[in-house]
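One structure is given below, encoded as structure tokens.
Numbering starts at 1 and runs along the sequence shown. Owing to the predicted nature of the structure, the values given are computational and were not obtained by experimental measurement.
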Amino acid sequence: EEGRVDDAAEAVNRLLRETGARPPLDRRPGEPWAVHFHGSDDSYGIGWSAGCATALALAVGSELAGRLGVCPAPHCGRV
């Protein structure tokens, strides 16, 4: 919210370490190859956490970082 990209990057790096995010290329029959992100133990929760942490890393590490923040509307705390 306050342009604290360095703090965001540190938090995202912590999430990436904790989930052990790793990107394999997967493909379903008849579909093109796609990058997916899984966690180190591939459980449902860790897998989703790893994917979310990776998406945040891509946003924070690009020109998209400014689009992240907390809703400024009164009585709204959505991120």
So which atom in His36 and which in Pro24 form the shortest heavy-atom distance, rounded to 0.1 Å?
O-CD, 2.7 Å
Provide the closest heavy-atom pair for Thr19 versus Ile46 in the form atom of the first, atom of the second, distance.
O-CG2, 3.6 Å
Shared hydrophobic cluster, Leu68 / Leu16 (ILVMFWY, side-chain heavy atoms < 4.5 Å):
yes
Check the hydrophobic clustering (I, L, V, M, F, W, Y; side-chain heavy atoms under 4.5 Å; chains of links allowed) and say if Val12 and Val5 are grouped together.
yes
Determine, using the 4.5 Å side-chain heavy-atom cutoff (strictly less than), whether Leu25 and Phe37 are members of one ILVMFWY cluster.
yes
